[in-house]
Amino acid sequence: MPTPQPRRRPGPRGEPFAVLDPATGEVFDEAPDQRPGELDAIVDRAHDAWRDWRADPVARTTALFAAADAVEAAGADLAPLLTREQGKPLAESYAEIARAAARLRYFAELDPMPQPITDGRPVRTEVRWRPLGPVAAIVPWNFPLQLASAKFAPALAAGNTMVLKPSPFTPLATRLLGSVLSAALPPDVLTIVTGREPLGARLASHPGIRHVTFTGSIATGRAVAKGAAASLARVTLELGGNDAAILLEDVEVERIADRLFWAAFRNCGQVCMAVKRVYAPARLYSQVAEALAERAKTVVVGPGLDPGSQLGPVSNAPQLARVERCTAQALADGARAVAGGHRLEGPGYFFAPTILADVPSGSPVVTEEQFGPVLPVLPYGRLDEAVEAANDTGFGLGGSVWGTDLDRAEAVAGRLECGTAWINHHAELSLAQPFAGIKDSGVGVAGGPWGLYGNLRPFVVHRPEEA
């Protein structure tokens with residue numbers, strides 16, 4: 001199937017930069033490397049567009065529904081391009097596009113309601129809601145379209161405009177998405193800018209931006225927050241996770257093994273809320289490791305455009321190098337690869353799905369976010385030890401507990417220090433629920449009504465009962 005080329009959107013641009021196909025490691029297209037100085041005019045236009053966009057909620061709703069329809073209609077163009085630049089299987093790219101359209105419809109239907117306040121005084125007080133202004137969004141490479149929509153859908157529904165920057169590893173599908181949306185949205189309501197640093201740093205610190213929403217690493221998130229502080233812009237930061245899955249003594253290993261495996265390995269493990277550590281009772285430890293290894297050995301790894309591929313490549317060369325380093329360090333520390341443990345031969349950034357046993361608890365593959373197709377399995381003696389180990393991290397995004405006694409599993413889940421805890425599944429989110437981490441996993445809330453109100457500010461009106 002020929003890969004459609006991204007439609008070029010008119011506007012200022014610098015010299016192009018190369019975009020690589022992770023299935024081959026070769027250049028297959030390029031994107032404009034816009035200069036940081038061009039942001040002034042782009043943000044000014046976003047501010048001008050904001051005046052009309054914020055003023056007509058009915059027109060906004062109509063436009064967002066039309067935008068959702070346009071995204072769905074463009075799926076056959078968007079999905080192969082997304083797979084080509086990111087690596088994920090084509091079915092997952094289509095799912096990402098469907099999620100983006102669904103998110104647009106969800107937020108289009110949300111209406112921030114005025115809230116009356118009664119405090120005994122002869123004054124009628126009402127809290128109303130106003131948009132913030134131009135919003136900046138900086139999006140990573142693991143879910144380019146889904147995370148872009150998670151930022152622009154609530155921001156636009158709230159009456160803001162947005163300037164969005166995708167990762168330089170995955171700019172093409174996002175640029176094409178911007179072209180698709182431009183048919184439904186007024187000019188300059190959503191602008192896509194592409195480029196390498198310092199473009200993102202300049203966008204985050206731009207004085208015309210009133211809210212910066214970022215998904216990525218802790219180090220970059222801190223830099224984004226520091227930049228946004230210069231203009232006192234609001235920040236929402238989703239900074240990754242090191243989610244633990246605790247298996248209880250009554251867990252039925254074969255019953256949950258498939259779910260547990262895919263909770264760790266979907267999108268080649270490149271999911272912020274993926275399972276990244278498994279704690280198994282000592283009695284079941286070997287059985288758990290072998291059940292996961294069996295699935296790792298039989299899963300089909302290949303280019304995302306191949307219909308039979310279940311796992312694609314690691315998305316880019318720097319991330320592949322990180323996965324290799326974490327795995328090599330774990331093996332040097334005494335870990336045993338029950339499955340995988342090495343890069344696959346041939347072109348592209350393919351790494352064998354890896355299950356590690358006998359991993360020292362201080363190994364980086366346990367303490368850090370490896371963000372790849374590698375999963376350590378660790379034994380525990382007492383349940384309290386597993387809970388303590390699960391919480392012994394600077395991350396606090398998600399976690400899960402697996403067992404047949406749901407009341408007991410829920411009680412254990414309540415002890416996890418994270419933003420979301422699942423029971424007998426992991427990394428499943430509805431559009432209506434909040435998504436937030438604690439500790440180093442982030443600041444602010446996305447998702448559901450909380451995501452909408454995060455893009456609004458309260459405006460209080462006092463009116464006396466009598467003139």
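All values below come from the heavy atoms of this structure, side chains included, with hydrogens, waters and symmetry mates left out.
Residues R99 and S430 share a closest heavy-atom pair of NH2-C, 4.0 Å. The minimum heavy-atom distance between A100 and S149, with the atom names listed, is CA-OG, 3.4 Å. The minimum heavy-atom distance linking R105 with A68 is given by the pair CG-CB, 3.6 Å. Taking both residues in full, the closest heavy atoms of Q329 and P364 are given as CG-CD, 3.8 Å, listed atom of the first, atom of the second, then distance. Between V180 and V71, the shortest heavy-atom contact is CG1-N, 4.0 Å. Of all non-hydrogen atoms in R202 and P207, the two that sit nearest each other are NH1-CD, 4.0 Å.
Within 6.0 Å of CD on E345 lie no more than 12 heavy atoms contributed by other residues, nucleotides or ligands.
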Stepwise, does the side-chain contact (heavy atoms from CB on, under 4.5 Å) test hold for Q34 with T194? CA-CA 6 Å; Q34 294 178 276; T194 61; 4.1 Å; yes
Assess whether side-chain contact (heavy atoms from CB on, under 4.5 Å) is satisfied between V365 and V374, documenting all intermediate values. CA-CA 8 Å; V365 77; V374 179; 3.8 Å; yes
Take L164 and T174, measure what side-chain contact (heavy atoms from CB on, under 4.5 Å) needs, and give me the verdict at the end. CA-CA 9 Å; L164 186 146; T174 309; 3.7 Å; yes
Stepwise, does the salt bridge (charged side-chain N to carboxylate O under 4.0 Å, His left out) test hold for R415 with E410? CA-CA 9 Å; R415 298 169 61 187; E410 184 175 352; over 6 Å; no
Begin with the C-alpha distance, continue with both residues' side-chain angles, and end with the deciding distance and a verdict on side-chain contact (heavy atoms from CB on, under 4.5 Å) for D188 and T191. CA-CA 6 Å; D188 302 312; T191 305; 4.3 Å; yes
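In this structure, the side chains of L260 and L292 come closer than 4.5 Å at one or more pairs of heavy atoms. Annotation: side chain of V224 is in contact with side chain of L237 (closest heavy-atom distance under 4.5 Å). Inter-residue side-chain proximity for L311 and P89 is flagged as unmet; no heavy-atom pair is nearer than 4.5 Å. Residues V271 and F143 meet the side-chain proximity criterion, which asks for heavy atoms closer than 4.5 Å. Counting heavy atoms from C-beta on, the side chains of L375 and T354 never come closer than 4.5 Å. In this structure the side chain of V139 never reaches within 4.5 angstrom of the side chain of K165, judged on heavy atoms. P16 has its side chain out of reach of P32: every pair of non-hydrogen atoms, C-beta onward, lies at least 4.5 Å apart. At a threshold of 4.5 Å between non-hydrogen side-chain atoms, the residues F350 and V314 do not count as touching.
For D111, the salt bridge (charged side-chain N to carboxylate O under 4.0 Å, His left out) test picks out no residue, with sequence neighbours left out. Residues that satisfy the ring pair (Phe, Tyr, Trp, His ring centres under 6.0 Å) test with F351, not counting sequence neighbours, are absent from this structure. For E92, there are no salt bridge (charged side-chain N to carboxylate O under 4.0 Å, His left out) partners, not counting sequence neighbours. Legend: residues meeting salt bridge (charged side-chain N to carboxylate O under 4.0 Å, His left out) with R457, ordered by chain and number and at least two apart, are absent. By the side-chain contact (heavy atoms from CB on, under 4.5 Å) test, A413 is found to be paired with V401, A421, I423, residues two or more places apart in sequence or in another chain being considered. Residues forming a ring pair (Phe, Tyr, Trp, His ring centres under 6.0 Å) with F371 (at least two apart in sequence, or on another chain): W141. For the salt bridge (charged side-chain N to carboxylate O under 4.0 Å, His left out) test, residues two or more places apart in sequence or in another chain that qualify with K88 are E96. Checked against ring pair (Phe, Tyr, Trp, His ring centres under 6.0 Å), H426 has the following partners two or more places apart in sequence or in another chain: W422.
The CZ atom of R325 sits 13.0 Å away from atom CD of Q370, with the distance rounded to the nearest 0.5 Å. How far CG of L431 is from CZ of R103: 5.5 Å, rounded to the nearest 0.5 Å.
For residues 427-453, the set of pairs meeting the ring-ring contact (aromatic ring centres under 6.0 Å, His included) definition, not counting sequence neighbours, comprises W129-Y453. Sorted by first and then second residue, the pairs that involve residues 432-446 and meet side-chain hydrogen bond (donor to acceptor under 3.5 Å, both in side chains), not counting sequence neighbours, are E417-K439. Applying the ring-ring contact (aromatic ring centres under 6.0 Å, His included) test to pairs two or more places apart or on separate chains, those with a residue in residues 47-66 are H47-W50.
Side-chain atoms of Q319 never come within 3.5 Å of backbone atoms of V323 as a donor-acceptor pair (strictly under, hydrogens ignored). No donor-acceptor pair closer than 3.5 Å links the side chain of E369 to the backbone N or O of N242. Side chain of D243 to backbone of G398: a donor-acceptor contact under 3.5 angstrom is found. In terms of modelled atom types and a separation under 3.5 Å, the side chain of E126 and the main chain of H462 share no donor-acceptor contact. With hydrogens and angles disregarded, a donor-acceptor distance shorter than 3.5 Å links the side chain of S309 to the backbone of P303. Under a 3.5 Å cut-off, the side chain of N267 and the backbone N or O of N142 do form a donor-acceptor pair. Checking side-chain atoms of R35 against main-chain N and O of L199 turns up no donor-acceptor pair under 3.5 Å. Remark: the backbone N or O of G454 is paired with a side-chain donor or acceptor of R234 at under 3.5 angstrom. At distances below 3.5 Å, at least one donor-acceptor pair connects side-chain atoms of E238 with backbone N or O atoms of G240. With hydrogens and angles disregarded, no donor-acceptor distance shorter than 3.5 Å links the side chain of T220 to the backbone of G216.
Cation-pi contact between R295 and F261: absent, since separation from the ring centre below 6.0 Å together with deviation from the ring axis within 45° is not met.
Residues S179 and S182 have side chains that never bring a donor and an acceptor to within less than 3.5 angstrom of each other. There is a side-chain donor-acceptor pair under 3.5 Å between H211 and T236.
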Could you list the donor-acceptor pairs under 3.5 angstrom formed between side-chain atoms of residues 153-162 and any protein atom two or more places apart in sequence or on another chain?
unit_1 : atom_1 : unit_2 : atom_2 : d
N160   : OD1    : L132   : N      : 2.6
N160   : OD1    : G133   : N      : 2.9
N160   : ND2    : A155   : O      : 3.2
N160   : ND2    : N455   : O      : 2.9
T161   : OG1    : A46    : O      : 3.0

